[in-house]
Student: 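Can you read through this structure? Questions will come right after.
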Amino acid sequence: MAITEENPGYKWVGTRPIRPDGLDKVTGKAQFGADLTLPGMLFGKVVRSPHAHARILSIDTSAAESMLGVKAVITGSDFPDLVANGAHPMAIDVSHNAIARDKVLYEGHVVAAVAATTRELAEAAAKAVEVSYEVLPHVLTVDEAMADNAPLLHEGMITKGVDPAPDQPSNIASRIVHERGDLEQGFGEAEVVVEREFTTKPVHQGYIEPHAAVADANSDGRANIWCSSQGHFQMRADTASVLGVSQGTLKVTAAEIGGGFGGKTVIYLEPIAVRLSQRAGRPVKLVMDRDEVFRATGPTSGTRIKVKMGVSNDGKLTAAEVWMAFEAGAYAGSPVGAAGMTVIAAYDIPHFLVEGYDVVCNKPRVAAYRAPGAPMAAFAVESVLDELARSIGMDPIDLRLANAAVEGTQASYGPKFPRIGFVETLEAIKEHPNYTAELGPNQGRGVAAGFWFNAGMNSSATVHINENGTATVVTGSPDIGGSRQSMALMAAEELGIPYESIKPVVADTETVGFTDVTGGSRVTLATGAAVVDACRIVIEDLRARAAKTWDVEVDQVEWVDGQAQHVDGSQPPLSLDALAAKSGRTGGPISANASLNARGVGAAFSTQVCDVEVDPETGVTRVVRYLTAQDAGRAISPDYVEGQMQGGVVQGIGWGLNEEYVHDQNGNMENPSFLDYRMPVASDLPMIECCIVEVPNPAHPYGVRGVGEVGIVPPMAALGNAIKDATGVRLTDLPMTPIKVLEALNEQSD
Amino acid sequence: MKYAAPSSVEEATSLLSSSPSAQVFAGATDIVPQIHGGRQAPEVLVDLKKIDELVSLTSDDKKWTVGAATPTVELTENQAFSQEFPGISEAAGLIGSDQIQSRSSLGGNLCNGSPAADSVPAMMVNGTRALIAGPKGNRLVDVSEVVTGPGQTCLDSDEFVVEFEIDRAPSLTGDAYLRMIPRTEMDIAVVGAGARVTLAEDGTIAAAALALGAVAPTVVRVTAAEEALIGTTADEDTLAVVAAAASAVCNPIDDKRGTIAYREQVAGVLAKRAVLIAMERAQQRNGDV
Amino acid sequence: MARTHITTVINGDEVDFLAEDSTSLLNALRDEVGLTGAKEGCGTGDCGACSILLDERVTCSCLVFAPEANGANILTVEGLADAGELHPLQQCFLEGAALQCGICTPGFLIAAKALLDKNPDPTETEIRYALAGNLCRCTGYDKIVRAVQEAAMQMREQ
Amino acid sequence: MAQVHFSAGLREFTGGVSQVQVEASNVRRLVAALDDMFPGIGERLSEGSSVAIDGEILTDAEFESVPDQAEVHFLDILQGG
């Protein structure tokens, strides 16, 4: 089902052909991060801290260095001191997270690394590195970290965003606040006020491919890096910064990437691999084990969130008060800022106060994860909305419709919304048969909505017309979920040639212009816009060449259906392959670049309804039916729009029901495996039904909005609301495991 | 680490006797993660799958014999076995994914010593015996006596299980195994319950066995429940006694997979449900074994 | 360190290689034989990305010691297509957009083949349970399950 | 004149003022004008902010023109996944 405001009659955009990189991926040919082998290549292994918080007293590498076959051993002292160099605080954090200097701040923090001729030798050598620690008291949660007299991770951390600035350091990196109106007045106008407190645990992005990097350093100071990342330009910049070298000395080639969801926008192994390769004089491959991925990369924040909201009897939200604290992990930078901006942004609420804290603790530094910050915030607010709807006896969709942000609504984070499709997603759910399907015993239905900004940022593209009239479309955006297909579809639409005649390529850092990370649901919008621009430059050039051929003015030439046509039909059309074949005579090869800082970012909304069945005797929740409606603006590649929607929902189901970081009291992660970090498996799920809503983004040539992230925002609240509907109990602590559900049911029956 | 694949029980026994740091394995599904995680570092890896007796599944009038290293998929795929012991078959079918079941075995599942091993409650309620080979000869030990604590067995380091013997199920007998996991697959049991009942001609229970996994240091029998079931039709009141008895025998721990309170409560629930399924199966299996 | 000479048939060809005894078959296939289609997602048998058929049984190659494969017949994703003609599962995965990043795809294809070899007409539930040992984090499994259903139908019709 | 709105987080620089009218043709000039009014705010705005001009959110938009009567908000830079 697609709701389309207009049907522009596209030939390629909106179709479902086979993806260009698909064949390599179903035959095992695609080269992912760990698949490259170079002649003479060594295997590296990283030495990690077993402690959550400790001072490094000494590192003895002599035993490891003396082992036969060990070619390099490095520690933090092999990297420049960015503090002394006066680097930006963020660059210092990136550097110290890549390899610890005087202190380790979480279990898994890198302290040293080795390279040896075999995998087994590297592992043995890593074990032989002797590190002596002075263990320090640690803090694992926002509660512990914000407590009076809590042990400090960073002795100089003064909370930002507080006026006047505190005179004592703390683990609170910053405070954010958004407010409007008069809370007292707002709550005074409410007939019903609901106040709840929510907690969520850190969860991992859970990409199936562990981080991997191969580095090959030359003696002249240059180095090549192959790695799996969401942005090889970002990897180049951060690696150069950690190594203290110029970016120009590094060339980064993007391997196929085996999932990222935000977690591969940051460096981990790359600078280590380069330094090992420099020391050893040979290529070095570093690949993380799964337990390293869990202990030292990702996750997103654990949180505590308090929400108080008021509603009038006719369903108008009158006021909202939100307090939230987000774990940042070892270094400042949790997504609490985005959480504060999104938490109530989907609704028009006259009086509100949103306050948030970014809190460091002794866990891995959080990394972006699909709409970072928004899902936890939505879990809290959308759960409270459900309570409000129940209190006043209103349908939960109707409550949201009565307060939904529309074009012109002053968003809680500041500006007015442009044309958005929130209402349309709500209506799509309400009209779908799932919404009124009969529920069985022990089943319940929950609704929730979500909002995410999406991003624009910088992208580059090059379009080459080959001699036979086919085109190569070169971009710098690693393809994480089918973006090569959407690039090819837009290029085919622009150039008027078949999709199959387009070869989309992700090029290395020396072959295409700078491009920001594949993140923020921005690639189809921003890199797509660069591709469209480059195609349009090519078309201008083609028109000029046809004009030259026909000896007419260029305004006499139109580009239609892949060929140049004279406006009055006085010349036989010139096809792209004809023009390409003779390009040498008309000015040389046909090629164009476009680079841009994208504009016209369109906000994304998703509304979801889920049906669950709860076993009242074991507390097990099974999802029996799921429907998601999302405003895609325009679905360039509907297959992969649905894929993003379904993938986001299922990650949210995992977050809602089972996924969590479990730490023991020493700060060691107890479940760093896919066995005990329970991501959804196929048998846990029903089909995820999709309803692509298309409210075109007026600021984009094809109406594109980002589609990648918002799908993960509603599921946790949808599940919680469905559990409430099925059982009468409200779960406020994620994940909503069978243990917690049964406890709540026991309390209810007491 | 050196790999060895003896082709006879004797060869395996002498290998084990001659190298103190040898470790037998069948499907390797547990030992590989253990070695990887540094929890084991044997010098010799003794692969038992090349010994014929260890990979076999046969039956005669008296009993079924299951080679200790037989992949569990061969149990679930064997229709006659699965019809006679659906509880063991379904337990075997819960040990990990299809990929794991191509390799996992009853011998490995038992000797790994996990209190959460799925096949063990199901084997126990069916009175399964383990034939253990060692340098001093063979001995036959009831499965309930093999595991002595988490990760610990009554086997000496030079002994291993060759095969399991399970007496043919009498008519009017049914078994069942249920487990509670947060997902639907790929988890370690938080609670497991195996039950078997044999009915008298009048439809009342003549014999009953109930065993629980993951609720104590080893798999435990719930004798109070078994006794309570005798002579009843597993009516609601009796099942309440069964559930209470099941909860009462639990001696679990709080860990990352479950809490004490949860395990105790759900042990009762699963015990009840497993008995009911076993009853139903017993009613359907009237002398046609 | 001692390396053992291992003789196998891989994707129909006789293949010999050397590997240390404690090396996983997965690492041997990837590092010694050069077949990198099977992936390591976890190394503990929990994700299925390394799935192969080992003597026709679907197996996590990360949980097999390389010497265990001596004399075995192995199928990896690289051997699924027949002389360049895609297996119906491969074709249906492509047409049904049953992959996003693609890292799990080789394992899913092998596990799905093992299922259809055994059960040519599986229900949706049977497919979901048969694939429960394969983690996918991108797709939510929906399109994967549909692709297997479609391939099963095509194969039954052939 | 553009109407510039300050989020609660920025009001520490403005002494609590929540909006001002500023005459500036582009974002850089606007930020400079604001810094004249509220010393210190310029550095904060040019380092860590996106700008929304009549609802469109832009990053690194120093030379973006600011239409007369435009509604301008400064937002924290967001990170996507």
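Below, chains carry the letters A, B, ... as their sequence lines are ordered, and counting in each starts from 1. Values below: all heavy atoms of this structure, side chains included; hydrogens, waters and symmetry mates excluded.
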Student: Between A/K264, A/Q205, A/R370, A/K416, which shows the greatest number of heavy-atom pairs under 4.5 Å with chain D?
Tutor: A/K416

Student: Which pair of heavy atoms, one from D/E71 and one from A/G414, lies closest together, and at what distance?
Tutor: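 Taking every non-hydrogen atom into account, OE2-O, 4.4 Å.
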
Student: Name the region of A/E179, side chain, backbone, both or neither, that has any atom closer than 4.5 Å to a heavy atom of chain D.
Tutor: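 For A/E179, the contact with chain D is made by backbone and side chain together.
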
Student: Under 4.5 Å heavy-atom distance to chain A, tell me which part of D/E56 shows up: side chain, backbone, both or neither.
Tutor: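 Side chain of D/E56 only, per the 4.5 Å heavy-atom cut-off to chain A.
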
Student: Examine distances only and state if a side-chain atom of D/D76 and a backbone atom of A/A338 form a donor-acceptor pair shorter than 3.5 Å.
Tutor: no

Student: Count the heavy-atom pairs under 4.5 Å between each of A/V601, A/N597, A/V177, A/I480 and chain D, then report the option with the highest count.
Tutor: A/V177

Student: Under 4.5 Å from any heavy atom of chain A, what part of D/R11 do you find: side chain, backbone, both or neither?
Tutor: side chain

Student: More than 12 foreign heavy atoms under 6.0 Å from CE of D/M1: is that the case here?
Tutor: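 Check passes, neighbour count above 12.
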
Student: Could you tell me if the side chain of A/K160 sits less than 4.5 Å from the side chain of D/E12, heavy atoms only?
Tutor: no

Student: Go through the structure and list residues passing salt bridge (Lys or Arg N to Asp or Glu O under 4.0 Å) with A/R705, not counting sequence neighbours.
Tutor: A/D631

Student: Taking all non-hydrogen atoms of both residues into account, name the closest pair between D/A52 and A/P415 and its distance.
Tutor: CB-CG, 3.5 Å

Student: Specify which of A/Q410, A/R522, A/M457 makes the most heavy-atom pairs with chain D at under 4.5 Å.
Tutor: A/Q410

Student: Inspect the surroundings of CD in D/Q3 and state if more than 12 heavy atoms from other residues, nucleotides or ligands are less than 6.0 Å away.
Tutor: yes

Student: Answer yes or no: is there a side-chain heavy-atom contact under 4.5 Å between A/R599 and D/L58?
Tutor: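 Yes, close enough: below the 4.5 Å cut-off.
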
Student: Hey, could you give me the OG/CZ distance between D/S50 and A/F453, rounded to the nearest 0.5 Å?
Tutor: 9.5 Å

Student: Please classify the contact between A/V517 and chain D as side chain, backbone, both or neither, with a heavy-atom cut-off of under 4.5 Å.
Tutor: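 Answer is neither: A/V517 stays 4.5 Å or more from chain D.
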
Student: Minimum heavy-atom separation for D/L75 to A/M341, with atom names?
Tutor: CB-CE, 3.7 Å

Student: Taking every non-hydrogen pair under 4.5 Å, which of A/G708, A/G161, A/A368, A/G373 racks up the most with chain D?
Tutor: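 Highest number of heavy-atom pairs under 4.5 Å: A/A368.
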
